[in-house]
**Q** 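I have a structure here, written as structure tokens, and I will follow up with some questions on it.
Just so it is clear: chains get the letters A, B, ... in the order the sequence lines come, proteins before strands, and each one is counted from 1. What you see below is based on every heavy atom in this structure, not just the backbone, and it leaves out hydrogens, waters and symmetry mates.
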There are 2 protein chains.
Amino acid sequence: MEEEVENILQKGGELFHPGLSVDCVIFGFHDNQLKVLLLKMKHADKWALPGGFVYKEEEVEHAAVRVLQSRTGLGNIFLRQFHTFGSPSRSDRKLNRELLVSLDLEAHENHWFLQRFITVGYYALVNFSSAVPRPDATSEACAWWDLQDMPPLAMDHNHILQQALETLRKQLNDQPVGYNLLPEKFTMPELQRLYETILGKQLDRRNFQRKMLGYGILDRLEERKRGVAHKAPYLYSFNKEKYAAALQDGLQQGW
Amino acid sequence: MEEEVENILQKGGELFHPGLSVDCVIFGFHDNQLKVLLLKMKHADKWALPGGFVYKEEEVEHAAVRVLQSRTGLGNIFLRQFHTFGSPSRSDRKLNRELLVSLDLEAHENHWFLQRFITVGYYALVNFSSAVPRPDATSEACAWWDLQDMPPLAMDHNHILQQALETLRKQLNDQPVGYNLLPEKFTMPELQRLYETILGKQLDRRNFQRKMLGYGILDRLEERKRGVAHKAPYLYSFNKEKYAAALQDGLQQGW
DNA sequence: TTTACATTGTGTCAATAAGACACAGGATAT
DNA sequence: ATATCCTGTGTCTTATTGACACAATGTAAA
């Protein structure tokens with residue numbers, strides 16, 4: 001594992017597009033909370049967004065797909081580019097130098113890893129339960145963090161996360177957000193919590209249901225949720241065709 | 001002029017962040033039409049979006065500001081990043097090689113200008129009449145093109161333009177689009193044409209006026225437009241403070 | 001000078017959507 | 001049995017949207 005990192009850090013200059021990386025904000029939804037997948041860095045006491053480099057002849061988005069796949073084990077994930085971050089001051093060269101030094105690698109000025117990096121930000125929506133968080137070679141842990149309770153992040157990753165969130169909010173009506181974040185079957189209250197978490201505000205239960213059903217993109221199943229200490233809610237699932245069709249025109253406006 | 005280009009192409013490897021560029025979609029509005037500023041390339045029979053490279057320690061956005069300034073003569077322009085284009089196939093190395101050759105420059109494989117380029121796309125909204133189009137060193141012309149009647153564009157610039165337009169459409173309610181594209185004083189029909197052009201559809205004259213005035217961001221001036229062969233429309237101007245305030249919450253939804 | 005024309009300013013009415021709220025139903029916990 | 005807590009559904013009011021009619025007013029033509 002360590003060897004792999006050393007290898008990449010040494011040969012990176014030949015392998016990767018110079019000064020370019022991708023960072024992924026991976027959203028999940030669990031326990032009625034929006035979650036983000038983070039990595040605990042080995043050589044610094046900070047958490048960071050999963051990221052990676054772009055091979056010289058690789059699609060940038062494909063690099064993001066690789067990151068997604070290797071951190072969650074999932075393929076075919078909903079993924080969208082949202083912003084590119086390129087401030088010269090965002091690259092923490094000191095931090096990167098420390099990583100090189102900690103691995104007994106030569107940290108000369110021109111080392112590709114110590115240059116300024118531009119990073120393309122992607123956000124992903126994944127099914128929380130299907131994902132299996134796996135740290136990468138430079139991390140000692142990979143875990144979901146509650147959006148309400150984030151640790152300090154490395155470099156400008158906090159800023160990147162905020163931008164991703166804002167984008168998610170704005171795209172709530174254009175993108176199949178619910179479809180990608182929820183399990184196959186879910187209840188109306190669960191869907192509502194998801195919207196409330198993303199929007200950061202409370203919604204009226206009854207009006208929410210009316211509007212959501214109005215889109216005609218949900219199928220109500222015969223089944224009801226079991227094991228709850230009150231009236232059992234119905235289970236719903238997305239009607240994939242109708243959802244896709246409705247998104248063409250945008251899901252009405254206004255949450 | 002030619003010398004300047006040669007100089008840049010030779011020293012670019014030391015000056016610029018490798019494999020990175022910016023491209024600007026500069027929108028203007030004139031004669032009730034949405035316009036885009038394009039450059040006619042010298043060494044190819046195609047038009048292209050104004051673009052440039054990013055200095056090693058320069059903010060990416062600042063590179064875009066430089067492009068804006070040098071193509072239009074304008075400073076303090078409304079500018080937004082909208083997408084980053086990074087497909088390996090987007091770089092037209094053949095085209096770039098031809099440019100080098102045409103300038104009698106050595107076109108070896110490793111020349112910085114012949115590498116793959118990632119480009120960050122920005123769109124700008126400018127006051128058509130204030131802008132003074134100026135070609136850059138590699139262009140023989142710089143001119144406004146009607147959006148309805150675009151020439152073939154180089155590389156993936158057509159795709160970039162389409163993305164910019166789509167972004168503009170979606171941001172019509174979040175961004176001060178009218179404020180930046182129209183002159184100080186304008187009529188309601190002019191504002192409506194602008195919205196219609198961006199949205200690509202007709203709007204009802206009376207409902208448009210009601211909704212627009214409803215925002216409370218316009219000041220109606222005493223003046224009326226003169227020299228028109230029919231009833232003279234009022235002139236309006238944006239109330240900067242109220243506009244800024246209204247945009248905080250987003251301008252309602254739904255056009 | 002009068003009239004035709006094109007386009008603007010303003011208002012109304014109906015249909016639709018959004019916001020606020022009340023009450024009955026049903027599964028577990030005591 | 002019954003209390004509790006949340007769910008399912010309906011109604012009433014208000015705000016927004018869409019469709020449309022008519023009077024007003026500058027130039028151009030007669």
**Q** Answer with yes or no whether the side chains of A/Glu166 and A/Gln162 bring together a donor and an acceptor at under 3.5 Å.
**A** no

**Q** Would you say B/Tyr123 and B/Gln171 are linked by a side-chain donor-acceptor pair, where the criterion is simply a distance under 3.5 Å?
**A** yes

**Q** How close or far is atom P of C/dT8 from atom CG of B/Leu191, stated in whole angstroms?
**A** 13 Å

**Q** Tell me: CG of B/Leu218 to C1' of C/dG9, nearest whole Å?
**A** 15 Å

**Q** Considering only heavy atoms and no angle criterion, is a donor-acceptor pair shorter than 3.5 Å present between the side chain of A/Arg220 and the base of D/dG8?
**A** no

**Q** Rounded to the nearest angstrom, tell me the gap between atom CZ in A/Phe208 and atom C1' in D/dT7.
**A** 14 Å

**Q** Is there a donor on the side chain of B/Asn207 or the base of D/dA19 sitting less than 3.5 Å from an acceptor on the other?
**A** yes

**Q** Taking atom P of C/dT8 as reference, at what distance in whole Å does atom CZ of B/Arg226 sit?
**A** 18 Å

**Q** Which nucleotide, C/dG9, C/dT12, D/dT7, lies nearest any side-chain atom of B/Gln209?
**A** C/dG9

**Q** Rounded to whole angstrom units, what separation is found between the CG atom of B/Asp204 and the P atom of D/dT16?
**A** 18 Å

**Q** Find the distance B/Met212:CE to C/dG9:P and express it as a whole number of Å.
**A** 14 Å

**Q** Once you round it to whole Å, what is the distance between C1' of D/dA15 and NZ of B/Lys211?
**A** 12 Å

**Q** Return the nearest nucleotide to the side chain of B/Arg205; candidates are C/dC13, C/dG9, D/dC20.
**A** C/dG9

**Q** Need to verify one output field. Residue with the more 5' nearest nucleotide on DNA chain D, A/Arg210 or A/Arg224?
**A** A/Arg224

**Q** One thing to verify: whether B/Lys185 and B/Glu223 come together as a salt bridge, which I'm taking to mean a side-chain N less than 4.0 angstrom from a carboxylate O.
**A** yes

**Q** Going by modelled atom types, is there a donor-acceptor pair between the base of C/dG19 and the side chain of A/Arg206 at under 3.5 Å?
**A** no

**Q** Which of residues 228-239 of chain B have a heavy atom under 4.0 Å from DNA chain D?
**A** B/Val228, B/Ala229, B/His230, B/Lys231

**Q** Please state how far atom CG in A/Leu213 lies from atom P in C/dA18, giving the value in whole angstrom units.
**A** 14 Å

**Q** When you look at OH of B/Tyr179, are more than 12 heavy atoms from neighbouring residues, nucleotides or ligands closer to it than 6.0 Å?
**A** no

**Q** May I ask you to check whether A/Tyr234 and A/Arg224 show a side-chain donor-acceptor distance below 3.5 Å?
**A** yes

**Q** Indicate whether any N or O donor in one side chain lies under 3.5 Å from an N or O acceptor in the other, for B/Ser237 and B/Glu184.
**A** no

**Q** For A/Glu196 and A/Leu203, indicate whether the former's side chain and the latter's backbone hold a donor-acceptor pair under 3.5 Å.
**A** yes

